[in-house]
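Both ligands and their constituent atoms are indexed starting at 1 by order of listing. These numbers come from the heavy atoms of this one structure, side chains and all, not from hydrogens, waters or symmetry mates. In this chain, numbering begins with 1 at the start of the sequence shown.
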Amino acid sequence: MTKSSSFVPFHVAIIMDGNGRWAEKRHLPRTEGHKEGVRVVRNITKASAVFGVRFLTLFAFSTENWRRGEREVNFLFNLFVESVDSYIPELKEQSVRLNFIGDMSGLPAFLRKSLQLAENETKKGEKMLLNIALNYGSRREILDAVRLICESKKEVNEENFSSFLYTTGIPDPDLIIRTSGEMRLSNFLLYQSAYSELFFTETLWPDFTEEEYLSILKKFGERNRKFGGI
Ligand code: FPP
């Protein structure tokens, strides 16, 4: 893994998709795909920090994922607690700060407690901010921001509005990657993605490697970002 700065986006966001299909293809329970997914989260986080990415946002659980059935949802919540707890020393060593975005009030108390602890334990990390979107839905985020800005009586402009989003203080993503061949944003960072470059890969999330990630970063560097100009 080599570090290069010429093509490195400041903020990468990833829709990690395909855990279930990865497991089904191997006649394994879907939960095995999620466990593999955690391993890839660790690899890609480490690679991001090494490559010089400053913000990495991962979509782990959407406001729509509650439809998956109680067993899978419970499994995921327990997996989040287990993986976040055991991940803290590694994040500290890599100087990565953990931050969670989404509607935390809708999550069970045992999970919220573990997330708060992890945020607190890693708060000194300066190399990269790892944002994990949990119980996140962009439409809800936007509607909440509308309500808050109205209550605040502040002028409605882009700067003020952004400060009421969950991502306040975090620059918009330069690059959004989605794995597993689906080509949509699925209620992820709809406001923040106005000028993001989008990359879709057929690879299922548990099969996503640092090599493929690096090749996407290189392609990103070759794109001509115009932000509406010419
Ligand atoms: C999408 O695959 C994946 C998820 C909904 C869960 C993603 C969560 C992780 C990878 C773990 C996150 C790790 C930490 C440390 C918080 P899918 O189940 O929708 O796959 P499918 O579309 O093939 O069914």
Any ion pair linking [Y] and [X] (charged N to carboxylate O, less than 4.0 Å)?
{"X": "Glu222", "Y": "Lys219", "result": "no"}
{"X": "Glu32", "Y": "Lys35", "result": "yes"}
{"X": "Arg26", "Y": "Glu36", "result": "no"}

Between Phe199 and Phe220 (judged by ring centroids, cut-off 6.0 Å), do the two rings come close enough to count as a pair?
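They do not qualify: ring centres at least 6.0 Å apart.
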
Which option wins on minimum heavy-atom distance to atom 19 (O) of ligand 1: Arg21, Arg39, Arg68?
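Among Arg21, Arg39, Arg68, the closest heavy atom to atom 19 (O) of ligand 1 belongs to Arg68.
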
Nearest heavy atom to atom 8 (C) of ligand 1 wins, so pick from Ser62, Ala23, Ala60, Ser86.
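Comparing heavy atoms across Ser62, Ala23, Ala60, Ser86, the nearest one to atom 8 (C) of ligand 1 lies in Ala60.
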
Before signing off on this row, confirm whether Asp17 and ligand 1 have an N or O atom pair separated by under 3.5 Å.
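So ligand 1 has an N or O lying under 3.5 Å from an N or O of Asp17.
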
Report yes if Trp205 has an N/O atom closer than 3.5 Å to an N/O atom of ligand 1; otherwise report no.
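No - when backbone and side-chain N and O of Trp205 are compared with those of ligand 1, no distance drops under 3.5 Å.
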
Protein contact of [atom] - nearest heavy atom, named by residue and atom, plus distance:
{"atom": "atom 12 (C) of ligand 1", "result": "Phe80 CE2, 3.7 Å"}
{"atom": "atom 10 (C) of ligand 1", "result": "Asn19 ND2, 3.5 Å"}
{"atom": "atom 1 (C) of ligand 1", "result": "Met16 O, 3.1 Å"}
{"atom": "atom 20 (O) of ligand 1", "result": "Gly20 N, 3.0 Å"}
{"atom": "atom 11 (C) of ligand 1", "result": "Val38 CG2, 3.7 Å"}

Under 4.0 Å from a heavy atom of Gly37: give me the atoms of ligand 1 that qualify, with their elements.
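By the 4.0 Å cutoff, the relevant atoms are 10 (C).
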
Hey, what's the ring geometry for Phe227 with Tyr195, parallel, tilted or perpendicular (30° and 60° as the breaks)?
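Tilted: the ring planes of Phe227 and Tyr195 meet at 30° to 60°.
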
Looking only at heavy atoms, is any part of Arg30 under 4.0 Å from ligand 1, and if so is it the side chain, the backbone, or both, or is it neither?
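The part of Arg30 near ligand 1 is the side chain, not the backbone.
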
On the ring face of Phe75, is Arg30 found with NZ or CZ under 6.0 Å from the centre and within 45° of the axis?
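No, Arg30 does not sit over the ring of Phe75.
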
Under 3.5 Å donor-acceptor, Ser95 side chain and Glu126 backbone
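Answer holds: yes.
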
Could you go step by step and tell me if Phe110 and Phe77 meet the ring pair (Phe, Tyr, Trp, His ring centres under 6.0 Å) rule?
CA-CA 9 Å; Phe110 77 97; Phe77 288 169; 7.1 Å; no

